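Report on one structure; see the data block that follows.
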Amino acid sequence: MSAEATNPEARPEERPELRRRGRTRLDLRRLGRAALLGPTSRDRLPDAIGHVAEAHRAHHPDADLSVLRRAYLLAETSHRGQMRKSGEPYITHPLAVTLILAELGAETTTLTASLLHDTVEDTDVTLDQVREEFGQEVCFIVDGVTKVEKIDYGAAAEPETFRKMLVATGNDVRVMSIKLADRLHNMRTLGVMRPDKQARIAKVTRDVLIPLAERLGVQALKTELEDLVFAILHPEEYEYTRALIAAHAGDRDPLPAIADSVRAVLREAGIAAEVVVRPRHFVSVHRIALKRGELRGSDFGRLLVLVAENADCYGVLGELHTCFTPVVSEFKDFIAAPKFNLYQSLHTAFATPEGYVAEVIVRTRQMHRVAEAGVVALGNPYTAPPAAEAADCDEERVDPTRPGWLSRLLDWQQSAPDPDTFWNVLRSELAQDREITVFRADGGTLGLPGGVSCIDAAYAQYGEAAHGCIGARVNGRLTSLSSRLSDGDTVQLLLSHDASSGPAADWLDHARTPAARIAISSWLESHPDGAGPAAAAPRAPLSVVGARGGGGNAVADLPDATVRLAGCCTPVPPDAVEGFVVRGGAVTVHRVHCATVAQMRAVGRTPVAVHWRATADCRVTLLAESFGRPHLLADLTEAIAREGVEVVSATVEPPVEQRVRHSYTLQLPDAAGLPGLMRAMRDVPGVYDVSRA
């Protein structure tokens with residue numbers, strides 16, 4: 001398959017933005033010819049990086065270009081004689097990658113590392129040489145990219161190698177910026193490879209690199225990668241979409257006239273704004289066609305309104321909604337609530353008198369820069385370490401721009417038991433198309449993927465301590481741990497302090513995040529009986545955790561018999577008790593006045609004598625009935641803790657007519673403290689009864 005047949009931008013005459021990218025390709029050919037001529041004089045900037053310098057100065061007028069000159073000379077010299085499969089000098093590749101990043105507004109350090117990103121891997125240049133000539137920061141990035149470049153994209157190698165790539169990305173997001181630009185240039189020239197290899201590389205790009213570009217906010221790279229992958233993996237749909245766009249090019253486009261109307265409205269309102277028509281890229285047109293069926297002229301693009309200040313964005317919105325007929329369902333405010341990848345804009349749509357629906361994006365120029373280039377537009381987020389601390393290129397550092405989703409991935413990748421698990425959960429995480437913000441009861445926030453449950457929130461907040469979660473309150477109301485969370489919810493998670501507590505197997509049915517699923521699976525694998533190390537009782541679902549079995553302080557007059565305290569009456573010292581042998585030879589202990597004792601005797605079962613050991617502690621199950629109110633569960637557990645009593649397990653039934661029923665299995669240090677404990681629980685506002693189970 002030729003480059004022209006696989007590349008959705010190989011027909012630059014068809015669309016304005018593709019003509020611009022076509023010019024970029026011509027520029028790259030000139031870069032190749034200039035690279036063949038080798039370096040120039042000491043004082044003059046080499047012709048081959050003239051386009052890079054021009055693009056860089058457009059974003060950074062005061063940039064020092066001398067370091068780029070030195071980096072180019074080292075790269076050109078070290079790569080001299082190496083050729084790409086396309087037949088071009090190899091130096092054209094780092095030049096092209098650097099030009100892509102320069103056009104996005106990357107700072108000088110990133111561009112320097114980009115020019116050198118293949119030297120350590122493919123030439124005799126060493127990291128020590130890079131550090132000596134360009135400093136620790138460039139060395140760190142080049143080393144990270146070098147590790148990523150060693151990735152074998154074969155199917156068998158994907159899990160472990162992408163784990164390494166993720167770690168490199170987390171240490172410095174600029175590493176992944178260079179990797180994405182590197183992949184874009186390689187995808188542009190993929191036509192020289194066999195069709196099967198094109199398809200394999202395109203699938204990896206689709207499954208991992210495009211989602212990473214989305215999460216890093218680099219929309220300019222993401223959209224072009226999507227089109228390139230679309231052409232390779234779905235050639236028929238691509239050709240159909242291309243035909244739709246070509247047919248639209250011959251029709252009258254209504255968007256320029258609509259843009260003129262918007263300009264007039266904003267000019268009259270005194271709002272300084274730039275209004276431009278932004279054509280949709282191929283994949284976007286394809287998605288709209290699937291969603292709407294037959295396309296109209298206004299469906300092939302959107303209006304972009306750029307203003308100076310945040311307040312102007314809302315001023316534009318007010319004018320549009322006043323002077324046109326708004327489509328309310330299309331309104332989204334990503335300024336007040338930015339996306340997880342730093343994206344901010346107002347989205348809206350309005351209908352024109354002619355019946356067209358125009359989609360509009362409103363943002364400041366700074367928001368636009370971040371929307372297009374994501375983390376690339378944020379400049380250098382690091383402070384260069386002191387010389388004494390710059391010992392090597394493997395030092396850890398904190399990235400203030402690192403998105404929350406990336407921090408989560410870096411945390412759970414360390415806990416993933418094997419590469420295949422890592423690979424599966426990585427793809428699952430990247431497949432999430434949205435992120436929600438959940439407010440913690442302590443005032444903090446949690447950034448989580450859409451569709452998560454309280455279980456996911458527990459592991460996100462507490463890590464492995466969430467094994468002991470016994471309940472949750474969402475927006476002030478008690479709820480099960482399986483409840484789904486929505487954007488803006490406030491969640492309060494309640495934990496047991498019992499070291500033997502652990503999750504039930506059915507928690508996996510409701511856990512969505514990798515962190516939760518890996519932690520739960522690991523715990524269950526290490527406890528194949530489904531309970532903690534000291535547990536013998538069966539596991540309870542979701543809201544019941546970690547009840548420890550065994551017979552406590554009860555001893556049966558039957559040699560070697562396993563003793564269990566009955567759940568129906570939960571006897572404690574000094575209750576009068578009797579035992580009965582049940583299936584399996586165990587002895588179940590009941591209070592003598594328990595209804596089960598009468599039933600056993602009625603069917604002829606012979607009781608077994610049971611006595612209490614000479615110890616003061618005991619276990620008991622209490623039922624608390626109350627009216628629903630905010631913070632009730634927290635107040636109850638606090639009252640129990642003040643009495644020095646340990647919560648072994650707890651269940652909370654769903655509210656019925658504003659009444660809530662709680663069940664607690666408790667370990668008391670002294671049975672004599674039971675009446676005082678029950679009084680303390682009854683004193684909690686809203687609790688109207690506490691009784692033995």
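Computed from a predicted model, the values in this text were never measured in an experiment.
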What's the separation between atom CD1 in I201 and atom CG in L209, rounded to the nearest 0.5 Å?
10.5 Å
Spacing of CD belonging to E464 relative to CD1 belonging to I518, to within rounding of 0.5 Å
11.0 Å
Any heavy-atom pair between the side chains of V145 and I141 that's under 4.5 Å?
yes
Audit row: E132, R70, salt bridge (Lys or Arg N to Asp or Glu O under 4.0 Å) steps and yes/no
CA-CA 13 Å; E132 181 179 349; R70 291 190 289 113; over 6 Å; no
Student check: side-chain heavy atoms of L508 and S521 closer than 4.5 Å
yes
Given 3.5 Å as the limit, does a donor-acceptor pair link the side chain of S78 with the main chain of A75, or not?
yes
Distance, nearest 0.5 Å, that separates OH of Y90 from OG1 of T123
10.0 Å
Taking only Lys NZ, Arg NE, NH1 and NH2, and the carboxylate oxygens of Asp or Glu, determine whether R206 and E214 approach each other closer than 4.0 Å.
no
In Å and rounded to the nearest 0.5 Å, what is the CD to CG distance from E54 to L65?
11.5 Å
Can you tell whether the side chains of R280 and E359 come within less than 4.0 Å, N to carboxylate O?
yes
Minimum heavy-atom separation for L448 to A460, with atom names?
CD2-CB, 3.6 Å
Say whether R131 and Q136, considering side chains only, have a donor N or O and an acceptor N or O under 3.5 Å apart.
yes
Do the non-hydrogen side-chain atoms of E239 and L244 ever get within less than 4.5 Å of each other?
no
With distance as the sole test, does D227 use its side chain to make a donor-acceptor pair with the main-chain N or O of V283 at under 3.5 Å?
yes
Going through the distances and angles, do T112 and L116 end up as a side-chain contact (heavy atoms from CB on, under 4.5 Å)?
CA-CA 7 Å; T112 303; L116 300 169; 4.3 Å; yes
Minimum heavy-atom separation for I178 to S114, with atom names?
CD1-N, 3.9 Å
For D143 and T146, which I'm curious about, is there any donor-acceptor pair between the side chains at under 3.5 Å?
no
Is it the case that T108 and H60 place a side-chain donor and acceptor less than 3.5 Å from each other?
no
Give the C-alpha distance, both sets of side-chain angles, the deciding distance and a yes or no for side-chain contact (heavy atoms from CB on, under 4.5 Å) between R363 and L304.
CA-CA 8 Å; R363 59 176 67 136; L304 173 65; 3.9 Å; yes
Could you go through M187 and L190, starting from their C-alpha distance and side-chain angles, then the distance that decides it, and tell me whether this counts as side-chain contact (heavy atoms from CB on, under 4.5 Å)?
CA-CA 5 Å; M187 287 293 295; L190 205 58; 3.7 Å; yes
Chi angles and distances behind the salt bridge (Lys or Arg N to Asp or Glu O under 4.0 Å) call for E372, K222
CA-CA 9 Å; E372 291 293 293; K222 178 218 171 193; over 6 Å; no
Quick one about T205 and R183 (side-chain donor to acceptor, distance below 3.5 Å, no hydrogens or angles considered), yes or no?
yes
Determine yes or no for a side-chain-to-main-chain donor-acceptor pair under 3.5 angstrom, with R517 supplying the side chain and R512 the backbone.
no
Over all atoms of both residues, closest heavy-atom pair of A181 and I100:
O-CD1, 3.8 Å
Counting distance only, does the side-chain N/O of E330 pair as donor-acceptor with the main-chain N or O of A349 below 3.5 Å?
no
Hey, are the side chains of K179 and H117 touching, using non-hydrogen atoms and a 4.5 Å cut-off?
no
With a 3.5 Å distance limit and no angle check, can you tell me whether D456 reaches the backbone of A511 through a side-chain donor-acceptor pair?
no
Output yes when R296 and D299 qualify as a salt bridge under the 4.0 Å nitrogen-oxygen rule, no when they do not.
no
Exam field: side chain T223 to backbone A220, donor-acceptor pair closer than 3.5 Å:
yes
Side chain to side chain contact (heavy atoms under 4.5 Å, CB included) with H347: which residues, sequence neighbours excluded?
K332, F334, Y343, S345, I361
Please check: side-chain N/O of H510 versus main-chain N/O of I455, any donor-acceptor pairing under 3.5 Å?
no
Is the count of non-hydrogen atoms from other residues, nucleotides or ligands lying under 6.0 Å from D124 atom CG greater than 12?
no
For T110 and E107, test the side chains for any donor-to-acceptor distance below 3.5 angstrom and give the result as yes or no.
yes
Quick one, L233 and Y238 - any side-chain contact, counting heavy atoms below 4.5 Å?
no
Heavy atoms only: give me the nearest A457-L485 pair and the separation to one decimal.
CB-CD1, 3.7 Å
Less than 4.5 Å apart, any side-chain heavy atom of V452 and any of R484?
no
Hey, could you give me the CD1/NE2 distance between I245 and H281, rounded to the nearest 0.5 Å?
10.0 Å
So, H56 versus H51, ring centres under 6.0 angstrom or not?
no
State, with a plain yes or no, whether a side-chain heavy atom of Y459 is found less than 4.5 Å away from one of I520.
yes
Considering only NZ, NE, NH1 and NH2 on the basic side and carboxylate oxygens on the acidic side, decide whether R242 and E237 come within less than 4.0 Å.
no
Donor-acceptor check, side chain of T92 to backbone of P89, threshold 3.5 angstrom: yes or no?
yes
Nearest non-hydrogen partners of L68 and L115, listed with the distance:
O-CD1, 3.7 Å
For T77 and L74, indicate whether the former's side chain and the latter's backbone hold a donor-acceptor pair under 3.5 Å.
no
Side chains of L295 and F300, heavy atoms from C-beta outward: is any pair under 4.5 Å?
yes
Apply side-chain contact (heavy atoms from CB on, under 4.5 Å) to Y72 and V52, showing your working.
CA-CA 11 Å; Y72 167 74; V52 173; over 6 Å; no
Distance from H93 atom NE2 to D118 atom CG, nearest 0.5 Å?
5.0 Å
